[in-house]
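Keep in mind that this is a model prediction, so the values were computed, not measured.
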Amino acid sequence: QVRLVESGGGSVQAGGSLSLSCAASTNWFSNFCIGWFRQAPGKEREGVAVVYIGDARTYYSDSVKDRFTISQDVAKRTVLLQMDSLRPEDTALYFCAANPGPVCGTGSIRDPKLFRYWGRGTQVTVSS
């Protein structure tokens with residue numbers, strides 16, 4: 001069992017920045033695909049970005065590309081999501097998710113069911 005704990009959510013005005021953190025409790029951190037997903041009220045869960053820890057490959061959804069950056073700190077077993085130029089439509093509950101193995105790409109962003117482990121989420125609110 002892998003425990004994921006998100007932190008760093010909050011409220012910000014449009015154009016501002018927030019940084020989210022996901023701490024993973026696993027000794028096999030380098031073998032995981034870690035992703036950030038979000039879900040707004042009344043909408044389906046949407047993939048934002050993923051990273052394969054083993055080789056730091058990253059993938060982004062078109063809606064956040066060039067605004068969000070996913071990165072990793074292997075020593076701390078943590079994945080960060082730096083969110084810049086935030087928009088009101090970025091408002092959602094943001095989840096960290098993890099799945100063992102090297103399958104980690106654009107298909108992973110599109111299918112939350114591929115991820116076995118999930119955190120409880122952290123709220124991000126962007127006001128106009």
> For the side chain of Thr125 and the backbone of Thr91, is there at least one donor-acceptor N/O pair under 3.5 Å apart?
no
> Donor-acceptor pair, distance only, cut-off 3.5 Å: does the side chain of Glu6 make one with the backbone of Thr122?
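Answer holds: no.
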> Would the distance check show the side chain of Tyr60 and the main-chain N or O of Ile109 forming a donor-acceptor pair, the cut-off being under 3.5 Å?
no
> Give me the atom names and distance for the closest heavy-atom approach of Gly107 to Leu114.
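It is O-CD1, 3.9 Å.
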> Looking at every heavy atom in both Cys33 and Tyr52, which two are closest together, and how far apart are they?
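Shortest heavy-atom separation between Cys33 and Tyr52 comes out as N-CD1, 4.1 Å.
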> Are Val74 and Leu20 connected into the same hydrophobic cluster when the rule is that any two of I, L, V, M, F, W, Y join if their side-chain heavy atoms are below 4.5 Å apart?
yes
> According to the interplanar angle, ranging from 0 to 90°, do the rings of Phe68 and Tyr94 count as parallel (below 30°), tilted (30 to 60°) or perpendicular (above 60°)?
tilted
> Looking only at heavy atoms, what is the nearest atom pair of Ala98 and Phe32, with distance?
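Minimum heavy-atom contact is CB-CD2, 3.8 Å.
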> Taking the six-membered ring for Trp, are Phe37 and Phe115 parallel (under 30°), tilted (30 to 60°) or perpendicular (over 60°)?
perpendicular
> Is it true that a side-chain atom of Gln39 and a backbone atom of Ala92 form a donor plus acceptor pair closer than 3.5 Å?
no
> On a heavy-atom basis, which atom in Thr26 and which in Val2 lie closest, and how many Å separate them?
CB-CG2, 4.1 Å
> Does any N or O in the side chain of Arg57 come within less than 3.5 Å of the main-chain N or O of Cys104, such that one atom is a donor and the other an acceptor?
yes
> Go through Met83 and Val12 one step at a time and tell me if the side-chain contact (heavy atoms from CB on, under 4.5 Å) criterion holds.
CA-CA 11 Å; Met83 305 183 294; Val12 66; over 6 Å; no
> Check whether any side-chain N or O of Asn99 sits under 3.5 Å from a backbone N or O of Arg116 as a donor-acceptor pair, and report yes or no.
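Yes: the side chain of Asn99 pairs with the backbone of Arg116.
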> Let me check something: do Ile53 and Tyr117 share a hydrophobic cluster, defined by ILVMFWY side-chain heavy atoms less than 4.5 Å apart, either directly or through other members?
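As far as the 4.5 Å side-chain criterion goes, Tyr117 and Ile53 are connected within one cluster.
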> When hydrophobic residues are tied together by side-chain contacts of less than 4.5 Å, even through go-betweens, does Trp28 share a cluster with Leu4?
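As far as the 4.5 Å side-chain criterion goes, Leu4 and Trp28 are connected within one cluster.
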> To the nearest 0.5 Å, how far apart are OG in Ser17 and CD in Gln82?
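So the OG of Ser17 and the CD of Gln82 are separated by 5.5 Å.
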> Should Trp36 and Phe95 be regarded as members of a common hydrophobic cluster, given that ILVMFWY residues are connected when their side-chain heavy atoms come within less than 4.5 Å of each other, either directly or indirectly?
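Trp36 does not cluster with Phe95.
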> Applying side-chain contact (heavy atoms from CB on, under 4.5 Å) to Arg38 and Ser61, what does each step give before you reach the verdict?
CA-CA 11 Å; Arg38 64 187 182 186; Ser61 67; 5.6 Å; no
> Scan Leu80, Val64, Leu81 and name whichever one has a side chain to side chain contact (heavy atoms under 4.5 Å, CB included) with Ile70.
Leu81
> Could you tell me whether a side-chain N or O of Gln72 sits under 3.5 Å from a main-chain N or O of Val79, the two making a donor and an acceptor?
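Checking the backbone N and O of Val79 against the side chain of Gln72, no donor-acceptor pair under 3.5 Å is found.
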